[in-house]
Amino acid sequence: MTCPCPRTRALLLSCLCLLAASPLRASAQDGAARIGRLMSLTAEQPAVWLGPDRVFGRAGAGVISACAERCAPIVSQESCAPPACPASGTVYRVEAPVARVSGWPTDVGGYTRELDALRADSRVAAMGLSGHPDEGAWRDARREDEARRAQDPRWVTEHRERGDRLELSIGAAVATLVETPGSWVGGTVAADWIFLHRARDSDERDAGESLVDALVGDQIGASLRAHFLYRADGGQEAEWIAAVGIGDALYNRYARSVLRLPTFSSIVAPEVGVILRSDRDATWYIAWDAPVSILLDHDVALDITPRFFIVDDWIPLPTDAPEDATDPAELIFSIGIGLRLP
């Protein structure tokens, strides 16, 4: 049997396109917008559009065009498997975009939603659509998260025993300077990288472990912090103060409660950084804090943090000071309250 000549082939393609767009066949298009058809000289088969010019279908001989709102000839094809397409088969690329659809999602959630919509059409469902390769783990994680959220919020949970964690916090603060009296308002943002010093998935611990947790903590890490203060009245020479520093993140999760307390080590170990003031040169500072975190929900905590700074080189020596006198230090006291994502 000889192949049809180009003119005959074009005529047949035009007839197939008209047939695909006819009102008689339009009812088959009702449903998911991705559903299309692959056309050959003798038959058609259901297909799924993965993009404006890419369509998925089962491999078949003689496929010459793909149809959505209109048809376009096939220009190339390649094999495909989930999650790049809804089952193992072939992806065909057409000559020009004809489908009004977005790209096929490969994340588990988006893939599953698209698959559920496609299964509403019996012809497409018969193509043997496959679930996402990671769907089992995704559903297990969702069930675990739902079970976790059904429990009362607490710091000691199995969910928080998994490796290192990044905690972000932001809060407002009020402060006062000892050598330069006045009222200041501002805030602090911080990023804490925390590791488990001692993992536990229950509240049971002996006296020795409780002592270690009080001294060092069962969560240890480091914190990058940025502070900003702005004068609230006209009584100060400076208009603003900004500081960036690195401190410890040593926390003790108090059993059977929503409290996470500072440890002895965290109170003693200082934060060190650079501080700037609008009317002074940049200099070094050291600071100490004692943060208390109270869980409001499973994923949000309230932070209450008193903080004390010592800043050098801000207070000039009096003209009559002895030669061996040292520069007085500026002291800053502040109290902050904010939110944390633990």
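Keep in mind that the numbers below use all heavy atoms, side chains included, and drop hydrogens, waters and symmetry copies.
- The aromatic rings of F228 and W240 lie parallel to each other, their planes meeting at an angle below 30°, with 60° marking the opposite boundary.
- Between R340 and R260 the shortest side-chain heavy-atom distance falls below 4.5 Å.
- The backbone N or O of A125 lies less than 3.5 Å from no partner atom in the side chain of R119, so there is not a single donor-acceptor pair.
- A search for salt bridge (Lys or Arg N to Asp or Glu O under 4.0 Å) contacts involving D248 returns nothing, not counting sequence neighbours.
- Counting non-hydrogen atoms of other residues, nucleotides and ligands closer than 6.0 Å to CZ of F308 gives a total above 12.
- Other residues, nucleotides and ligands contribute only 12 or fewer heavy atoms inside 6.0 Å of the CG atom of D281.
- More than 12 non-hydrogen atoms from other residues, nucleotides or ligands lie less than 6.0 angstrom from CH2 of W193.
- Checked for salt-bridge contact, R143 and D140 meet the test: a charged N lies under 4.0 Å from a carboxylate O.
- Atoms CD1 and CD1, on I275 and I286 in that order, are 11.5 Å from each other to the nearest 0.5 Å.
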Practice problem: Starting from the C-alpha separation in whole Å, work towards a yes-or-no answer on side-chain contact (heavy atoms from CB on, under 4.5 Å) for D53 and V98. | Solution: CA-CA 6 Å; D53 62 347; V98 295; over 6 Å; no
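- The backbone N or O of V258 sits less than 3.5 Å from a side-chain atom of W155, completing a donor-acceptor pair.
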Quiz item: V292 and D303: side-chain contact (heavy atoms from CB on, under 4.5 Å), yes or no, with the steps?
Solution: CA-CA 6 Å; V292 175; D303 277 1; over 6 Å; no
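- Distance OG/S293 to CG/L302: 8.0 Å, rounded to 0.5 Å.
- Clustering ILVMFWY residues whenever any of their side-chain heavy atoms sit less than 4.5 angstrom apart, transitively, puts I337 in the very cluster that holds L341.
- The heavy-atom pair separating V268 from W288 by the smallest distance is O-NE1, 2.9 Å.
- Atom CD of E135 sits about 8.5 Å away from atom OH of Y111, to the nearest 0.5 Å.
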Which side-chain N or O atoms in residues 126-133 pair as donor and acceptor under 3.5 Å with protein atoms at least two apart or in another chain?
| unit_1 | atom_1 | unit_2 | atom_2 | d |
| --- | --- | --- | --- | --- |
| H132 | ND1 | D134 | N | 3.0 |
| H132 | NE2 | T106 | O | 2.7 |

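- When the side-chain hydrogen bond (donor to acceptor under 3.5 Å, both in side chains) test is applied to T112, no partner is found at least two apart in sequence or on another chain.
- Side-chain atoms of L118 and I35, non-hydrogen and from C-beta on, do get closer than 4.5 Å to each other.
- Contact check for P73 versus I64: no side-chain heavy atoms found under the 4.5 Å cut-off.
- Linking ILVMFWY residues whenever their side-chain heavy atoms come closer than 4.5 Å, directly or via other members, places I74 and V101 in the same cluster.
- With rounding to the nearest 0.5 angstrom, the OH atom of Y254 is 13.0 Å from the CG atom of D218.
- Scanning both residues, W104 and P83, for their nearest heavy atoms gives NE1-O, 3.2 Å.
- The shortest side-chain heavy-atom distance between L296 and L339 falls under the 4.5 Å cut-off.
- Residues S223 and R225 bring a donor and an acceptor atom of their side chains to less than 3.5 Å of each other.
- To the nearest 0.5 angstrom, S257 atom OG is 8.5 Å from L295 atom CG.
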Practice problem: Begin with the C-alpha distance, continue with both residues' side-chain angles, and end with the deciding distance and a verdict on side-chain contact (heavy atoms from CB on, under 4.5 Å) for T305 and I335. | Solution: CA-CA 6 Å; T305 308; I335 181 74; over 6 Å; no
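- Between the R34 side chain and the S102 main chain, a donor and an acceptor come within less than 3.5 Å of each other.
- Rounded to the nearest 0.5 angstrom, S334 OG and F309 CZ are separated by 5.0 Å.
- L276 and A282 get closest at one heavy-atom pair: CG-CB, 4.1 Å.
- Between Y285 and V244, the shortest heavy-atom distance links the atoms OH-C, 3.7 Å.
- Between I267 and P262, the shortest heavy-atom contact is CG1-CB, 4.3 Å.
- Two residues are said to be in side-chain contact when any heavy atoms from C-beta on lie closer than 4.5 Å; W49 and R100 fail this criterion.
- Side chain of D297 to backbone of D299: no donor-acceptor contact under 3.5 angstrom is found.
- Under the 4.5 Å side-chain criterion, counting only non-hydrogen atoms from C-beta, V272 is not in contact with I246.
- Between V216 and L250 the shortest heavy-atom distance is O-CB, 3.4 Å.
- Side-chain atoms of R165 and Q219 form no donor-acceptor pair, as typed in the model, at a separation below 3.5 Å.
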Exercise. Determine, step by step, whether L177 and R277 satisfy the side-chain contact (heavy atoms from CB on, under 4.5 Å) criterion, reporting the C-alpha distance in whole Å, the side-chain angles of both residues, the deciding distance to 0.1 Å, and the verdict.
Key: CA-CA 12 Å; L177 278 64; R277 183 167 142 180; 4.1 Å; yes
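- Taking the side chain as every heavy atom from C-beta outward, E330 and V178 approach each other to under 4.5 Å.
- Side-chain atoms of L50 and V55, non-hydrogen and from C-beta on, never get closer than 4.5 Å to each other.
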